[in-house]
Amino acid sequence: MVIAKISSVGCWVPPKLLTNQDLEKIVDTNDAWIEERTGIKQRHIASPEVATSDMAYEAAKICLVNRGIKATEIEAIILCTVTPDMMFPSTACLVQDKLGAKGAWGFDLVAACSGFVYGLSTAAQLIRAGCHQKVLVIGSDKMSSIINYQDRNTCILFGDGAGAFLIEAGTEEDGGFLGFHNEIDGSGGDFLKMPAGGSRMPATAETVAQNLHYVHQEGQQVFKYAVRKMYEVTRDLLEKNGLTAADVKLFVPHQANRRIITAVAERLGMPLERVVINIDQYGNTTAATIPLATRDAIEDGRLKKGDLVVFASVGAGFTIGATLWRWSY
Ligand code: COA
């Protein structure tokens with residue numbers, strides 16, 4: 001059996017910050033409420049000329065430099081996003097061209113906050129099946145492009161950013177991919193969505209006037225679902241692999257709300273020292289939270305070769321996923 005391993009990580013966030021204090025000047029909110037209810041202190045916001053593909057390109061470049069390989073060695077690009085530069089061509093195509101990844105194929109993967117976790121399990125299968133040696137998984141979202149900065153329920157939550165993992169064929173000694181558990185549950189679609197801009201409700205002056213091209217969310221419904229399902233898929237994935245939370249060195253959850261993360265960790269019996277939380281710095285960057293959290297854990301010396309790590313998420317759809325890896329470098 002070919003082993004699929006993570007061999008490099010690269011991330012990029014735009015330099016401009018939007019702090020809770022900045023938001024106090026825009027909507028009726030305050031720093032104490034935001035921090036207590038979400039754990040967020042600041043988010044990075046891309047400037048108008050920077051699109052999702054630009055952030056993805058920067059993250060991918062860093063990922064390739066960290067591994068010391070050329071873009072022409074990439075065989076496939078899985079670009080996870082809900083904020084593509086445009087409906088088509090895919091953002092994967094735009095990034096392939098910018099990178100000069102000649103000969104690669106690829107596609108956009110739309111699974112909202114679970115995009116990166118789905119991208120990882122998909123890339124792992126392409127490697128394990130022997131189809132490819134090197135697959136780039138990128139999570140990139142310019143959430144600020146679909147947020148209504150007059151809606152205090154949503155504008156406090158999201159930020160912009162991008163991250164990439166290189167998934168490569170390896171050997172047993174490298175550790176690598178051990179399993180995944182993904183689900184979708186479309187019955188929850190109405191709780192978190194961008195209603196207009198698709199074939200159901202194409203863009204018109206009315207849809208724009210009614211703010212239908214922004215994120216609409218029923219926060220409490222999403223919160224309750226996220227806690228329950230992120231716990232369940234992680235528990236089930238560990239059980240399937242004959243493991244318990246005690247075996248896991250690092251739990252890297254999607255960063256949507258600090259309270260969601262701590263509630264899931266508590267249910268799993270996972271002490272917070274083994275949970276990565278960096279939502280205070282970035283907010284919810286949708287497909288980019290997991291690579292950003294992983295990058296920060298590596299830089300803090302919290303992730304070492306041989307460590308068992310679980311990546312888990314719940315997102316709009318609903319999409320739910322967890323994937324288990326033995327860290328390879
Ligand atoms: N600042 C101050 N007050 C705010 C506020 C803000 N930014 N946003 C909402 N409030 C108010 C509400 O109006 C409400 O006031 P009321 O009691 O007078 O009606 C009160 O705070 C409580 O609102 P509620 O929606 O119950 O807050 P909450 O504790 O559920 O927190 C979220 C709201 C959005 C932070 C929370 O529901 C959440 O994180 N949900 C999940 C979001 C998520 O994960 N999304 C992405 C999924 S991948």
Side-chain angles (χ1 to χ4, degrees), residues 6 36-40 111-121 124 139 157 165 175-185 188 192 219-282 284-298 300-304 306-327:
I6 298 164
E36 196 217 311
R37 304 310 293 161
T38 72
I40 302 168
C113 297
S114 299
F116 200 80
V117 168
Y118 283 15
L120 289 182
S121 44
L157 297 171
F165 280 11
F177 176 79
L178 295 171
F180 73 101
H181 183 133
N182 293 345
E183 293 177 20
I184 55 173
D185 178 1
L192 180 51
Q220 285 192 10
Q221 298 288 343
V222 177
F223 188 101
K224 281 186 249 165
Y225 191 87
V227 171
R228 179 167 65 84
K229 289 303 290 186
M230 211 193 297
Y231 159 67
E232 284 179 7
V233 290
T234 305
R235 178 202 61 195
D236 292 352
L237 177 64
L238 291 175
E239 268 174 26
K240 261 198 286 192
N241 285 274
L243 299 165
T244 69
D247 300 306
V248 175
K249 179 70 194 304
L250 207 61
F251 181 54
V252 186
H254 168 57
Q255 312 280 313
N257 185 315
R258 190 177 209 282
R259 290 185 297 129
I260 294 177
I261 298 170
T262 53
V264 172
E266 194 182 329
R267 285 188 188 197
L268 286 168
M270 187 90 73
L272 287 182
E273 308 88 78
R274 290 195 269 123
V275 180
V276 185
I277 304 179
N278 66 355
I279 190 169
D280 55 321
Q281 296 301 305
Y282 307 105
N284 181 351
T285 54
T286 302
T289 63
I290 290 205
L292 280 167
T294 308
R295 193 269 316 262
D296 286 0
I298 294 168
D300 293 344
R302 297 176 71 190
L303 197 47
K304 299 264 160 52
D307 288 345
L308 268 184
V309 53
V310 176
F311 305 101
S313 60
V314 170
F318 288 116
T319 54
I320 312 110
T323 177
L324 176 70
W325 298 68
R326 194 170 286 286
W327 196 252

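In this text the structure is predicted, and so the values were computed from the model without any measurement.
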Within the 4.5 Å heavy-atom criterion, are I6 and F311 side-chain neighbours or not? yes
Name all residues meeting the side chain to side chain donor-acceptor pair (under 3.5 Å) criterion together with T286; count only those two or more places apart in sequence or in a different chain, and write none if there are none. none
By salt bridge (charged side-chain N to carboxylate O under 4.0 Å, His left out) - contacts of E36 (at least two apart): none
With sequence neighbours left out, write down each residue that passes side chain to side chain contact (heavy atoms under 4.5 Å, CB included) with E239, or none if nothing qualifies. R235, D236
Contacts of F116 meeting ring pair (Phe, Tyr, Trp, His ring centres under 6.0 Å) (sequence neighbours excluded), chain-then-number -> F165
Return all side-chain donor-acceptor pairs below 3.5 angstrom for residues 313-324, not counting sequence neighbours, or 'none' if the list is empty.
unit_1, atom_1, unit_2, atom_2, d
S313, OG, S114, OG, 3.0
T319, OG1, A111, O, 3.0
T319, OG1, S114, OG, 3.0
T319, OG1, A316, O, 3.4
T323, OG1, G179, O, 3.2
T323, OG1, W325, NE1, 2.9

Hey, which of N278, V252, N284 is the one that makes side chain to side chain contact (heavy atoms under 4.5 Å, CB included) with T289? N284
The criterion is salt bridge (charged side-chain N to carboxylate O under 4.0 Å, His left out); which residues satisfy it with R228, sequence neighbours excluded? E232
Just to verify, which of V275, N257, I277 counts as forming a side chain to side chain contact (heavy atoms under 4.5 Å, CB included) with T262? I277
Between the NZ atom in K304 and the CD1 atom in I298, the distance rounded to the nearest 0.5 Å is 11.0 Å
Full working for side-chain contact (heavy atoms from CB on, under 4.5 Å) between F177 and L120: CA-CA 9 Å; F177 176 79; L120 289 182; over 6 Å; no
Can you give me the closest heavy-atom contact between A245 and L268, atom names plus distance? CB-O, 3.2 Å
Sorted by first residue and then second, give each salt bridge (charged side-chain N to carboxylate O under 4.0 Å, His left out) pair with at least one member in residues 240-255; sequence neighbours left out. K249-D307
What residues, two or more places apart in sequence or in another chain, satisfy ring pair (Phe, Tyr, Trp, His ring centres under 6.0 Å) together with Y282? H44
Excluding sequence neighbours, so at least two apart, what forms ring pair (Phe, Tyr, Trp, His ring centres under 6.0 Å) with Y118? none
Using a 3.5 Å distance criterion without hydrogens, assess whether the side chain of R326 forms a donor-acceptor pair with backbone atoms of G176. no
Heavy atoms only: give me the nearest V264-A226 pair and the separation to one decimal. CG2-O, 4.3 Å
Check side chain to side chain donor-acceptor pair (under 3.5 Å) between Y231 and all other residues, then give those that pass, not counting sequence neighbours. none
Side chain to side chain contact (heavy atoms under 4.5 Å, CB included), paired with Q255, selected from I40, D280, T285, I279: I279
Any side-chain to backbone donor/acceptor pair from R259 onto R37? Under 3.5 Å, distance only. yes
Check side chain to side chain contact (heavy atoms under 4.5 Å, CB included) between R302 and all other residues, then give those that pass, not counting sequence neighbours. L250, V276, A297, D300
Does CG in L308 sit with more than 12 non-hydrogen atoms of other residues, nucleotides or ligands closer than 6.0 Å? yes
Assess whether atom CZ of R258 is packed by more than 12 heavy atoms of other residues, nucleotides or ligands within 6.0 Å. no
Mind checking side chain to side chain donor-acceptor pair (under 3.5 Å) for T38 and listing every partner two or more places apart, or none if nothing turns up? none
Step-by-step side-chain contact (heavy atoms from CB on, under 4.5 Å) determination, H254 to V117: CA-CA 9 Å; H254 168 57; V117 168; over 6 Å; no
So which atom in N241 and which in L237 form the shortest heavy-atom distance, rounded to 0.1 Å? ND2-O, 2.9 Å
When every non-hydrogen atom of A312 is compared with those of T234, the smallest separation belongs to CB-OG1, 3.6 Å
